[in-house]
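What follows is one structure encoded as structure tokens, with my remarks underneath.
Atoms considered below: every heavy atom in the structure, side chains included; atoms not considered: hydrogens, waters and symmetry mates. These numbers were taken from a predicted model, which means no experiment stands behind them.
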Amino acid sequence: MSDSDALATSRGTYHPLLGTNVEVRVVARGAGPGAALARAEAAERAAVAEVERLQDVFTVHDQDSELCRWRGGRLDTPSPELVEVLAAAQRWWRASGGGFHPAAGVLRQRWLRAEDEQRPPDAQELAELVAALAELPFRVEGAAVARTGDCAGVDLNAIAKGYIVDRGVAAAAASVGVVDVLVNAGGDLRHTGPEVVRVGVEDPDAVGGAPLAVLVLGEGAIATSGSVHRGFRIGGEWFGHVLDPRTGRPVQARPSTTVRAPDAMTADALATVAGVLGWTEAAAVISGVPGAGARAVLPGG
């Protein structure tokens with residue numbers, strides 16, 4: 001390849017965003033190595049700026065974020081981005097029979113309190129919390145969103161992270177000269193372009209060791225849900241952070257579930273669905289998504 005038709009890759013910097021380190025890597029073409037690198041780095045900056053912008057929309061850690069203002073009743077007309085993710089959350093809640101629930105944050109808060117108190121929630125309290133989750137507290141119809149209940153517990157982390165990754169990839173891919181983009185937000189990964197990405201599936205019983213498998217990804221996304229790194233330790237017992245909204249309890253016997261899908265938002269949602277539902281139920285949902293597939297790691301590897 002001559003200098004007049006050069007390819008260059010951005011530095012692949014890790015950016016502290018979305019509660020993790022977000023890797024952005026861009027390959028761009030230019031009239032010489034310097035021009036190609038400048039384009040790749042400009043595209044990386046565009047991706048990071050989009051991720052930062054949307055992080056501020058969806059975070060639940062800032063009471064002035066758009067999501068927090070909407071769920072608290074201080075904002076009645078959400079942005080198209082928030083409407084799109086709320087609509088997707090509603091769609092996956094229906095498709096999963098409640099296994100995916102965008103208001104299940106109340107369960108997480110209860111288990112966090114249980115960890116502080118070192119006493120698991122009693123069955124009656126969990127049953128009451130689950131009953132309150134029988135319906136969504138909002139309804140999306142077209143571009144309109146209506147609050148139909150208490151939305152204070154709406155937490156879109158299980159789907160918004162993938163959406164933000166997709167939008168970061170789109171921002172970079174739209175930049176001049178870009179031919180390949182990878183954005184990896186702590187396991188929520190989206191790739192577009194002619195290159196092939198190899199992604200290791202971590203062994204939950206040997207964190208940091210050799211991967212159990214290596215997935216080959218061209219165009220598409222991968223997301224992983226599991227209980228190894230996050231959860232609640234109560235009375236010396238470990239409870240994974242993946243909670244079943246239908247029971248209120250942590251999911252057992254599913255240390256890790258990895259999903260491949262056409263985009264990161266779909267992969268993100270399906271990783272939660274596949275990590276919560278029984279395997280037969282999960283397979284039925286996954287099979288309805290063209291290009292999707294899953295690998296579950298069960299106890300013992």
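Residues Ala40 and Ala28 approach most closely at N-CB, 3.6 Å, considering heavy atoms. Summarising the geometry of Ala274 relative to Thr257, their closest heavy-atom pair is CB-CG2, 3.6 Å, with the distance given to 0.1 Å. Scanning all heavy atoms of the two residues, the minimum distance from Ala89 to Ile159 falls at N-CD1, 3.9 Å. Nearest approach of Ala43 to Ala172, heavy atoms of both residues: O-CB, 3.5 Å. When all heavy atoms of Ser287 and Ala284 are compared, the closest pair comes out as OG-O, 2.9 Å. The nearest pair of heavy atoms linking Pro250 to Gly240 is CB-O, 3.4 Å.
Of the inter-residue distances, the one linking Glu81 atom CD with Ile164 atom CD1 reads 10.5 Å to the nearest 0.5 angstrom. To the nearest 0.5 angstrom, His61 atom NE2 is 11.0 Å from Leu67 atom CG. Of the inter-residue distances, the one linking Trp92 atom CH2 with Leu270 atom CG reads 4.0 Å to the nearest 0.5 angstrom. Rounded to the nearest 0.5 Å, atoms CG (Asp244) and CG (Leu126) are 11.0 Å apart. The line from SG of Cys68 to CZ of Arg74 is 7.5 Å long, rounded to the nearest 0.5 Å. How far CD1 of Ile222 is from NE2 of His191: 11.0 Å, rounded to the nearest 0.5 Å.
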| request: List the steps, then state whether side-chain contact (heavy atoms from CB on, under 4.5 Å) holds for Thr9 with Asp180. | output: CA-CA 9 Å; Thr9 303; Asp180 198 276; over 6 Å; no

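Under a 3.5 Å cut-off, the side chain of Asn157 and the backbone N or O of Ala160 do not form any donor-acceptor pair. For the pair Thr272 (side chain) and Phe100 (backbone), a donor-acceptor distance under 3.5 Å is absent. A donor-acceptor pair under 3.5 Å is formed between the side chain of Glu219 and the backbone N or O of Gly193. For the pair Glu115 (side chain) and Arg233 (backbone), a donor-acceptor distance under 3.5 Å is present. Although no hydrogens or angles enter the test, the distance criterion places no donor-acceptor pair under 3.5 Å between the side chain of Lys161 and the main chain of Asp188.
Between Trp111 and Phe239, the angle of the ring planes lies from 30° to 60°, which puts this pair in the tilted group.
The pair Arg190-Asp166 meets the salt-bridge criterion, since a charged nitrogen lies less than 4.0 angstrom from a carboxylate oxygen. Under 4.0 Å is where a charged nitrogen must lie from a carboxylate oxygen, and between Asp76 and Arg147 at least one such pair does. Ion pairing between a basic and an acidic side chain is recognised when a charged N comes within 4.0 Å of a carboxylate O; Glu125 and Arg119 show no such pairing. Glu66 and Arg69 are not joined by a salt bridge, as no carboxylate oxygen comes within less than 4.0 angstrom of a charged side-chain nitrogen.
Under the 4.5 Å side-chain heavy-atom criterion for Ile, Leu, Val, Met, Phe, Trp and Tyr, Val140 and Leu75 are members of the same hydrophobic cluster. Hydrophobic clustering places Val57 together with Val83 (ILVMFWY residues linked when any side-chain heavy atoms are closer than 4.5 Å, directly or through intermediates). Val106 and Phe138 are not part of a single hydrophobic cluster, where members link through side-chain heavy atoms under 4.5 Å apart. No path of Ile, Leu, Val, Met, Phe, Trp and Tyr side chains, each step under 4.5 Å between heavy atoms, connects Val178 with Leu189, placing them in separate hydrophobic clusters. No path of Ile, Leu, Val, Met, Phe, Trp and Tyr side chains, each step under 4.5 Å between heavy atoms, connects Trp279 with Val285, placing them in separate hydrophobic clusters.
Here the rule is side-chain contact (heavy atoms from CB on, under 4.5 Å) with Glu44, and of Arg39, His15, Arg25 only His15 fits it. Test Val48, Val169, Val26 against Val183 for side-chain contact (heavy atoms from CB on, under 4.5 Å) and you get one pass: Val169.
Within the 4.5 Å cutoff, the side chain of Glu135 has no heavy atoms near those of the Thr148 side chain. Counting only heavy atoms from C-beta outward, the side chains of Thr224 and Val201 never approach each other to under 4.5 Å. Considering only heavy atoms from C-beta on, Arg246 comes within 4.5 Å of Val276 through its side chain. A heavy-atom distance below 4.5 Å is found between the side chains of Leu82 and Leu156. Residues Val60 and Ser65 fail the side-chain proximity criterion, which asks for heavy atoms closer than 4.5 Å. Asp56 has its side chain out of reach of Asp62: every pair of non-hydrogen atoms, C-beta onward, lies at least 4.5 Å apart. Side-chain contact check for Arg139 versus Gln90: some heavy-atom pair is nearer than 4.5 Å. Using a 4.5 Å heavy-atom threshold, the side chains of Asp155 and Arg108 count as separate.
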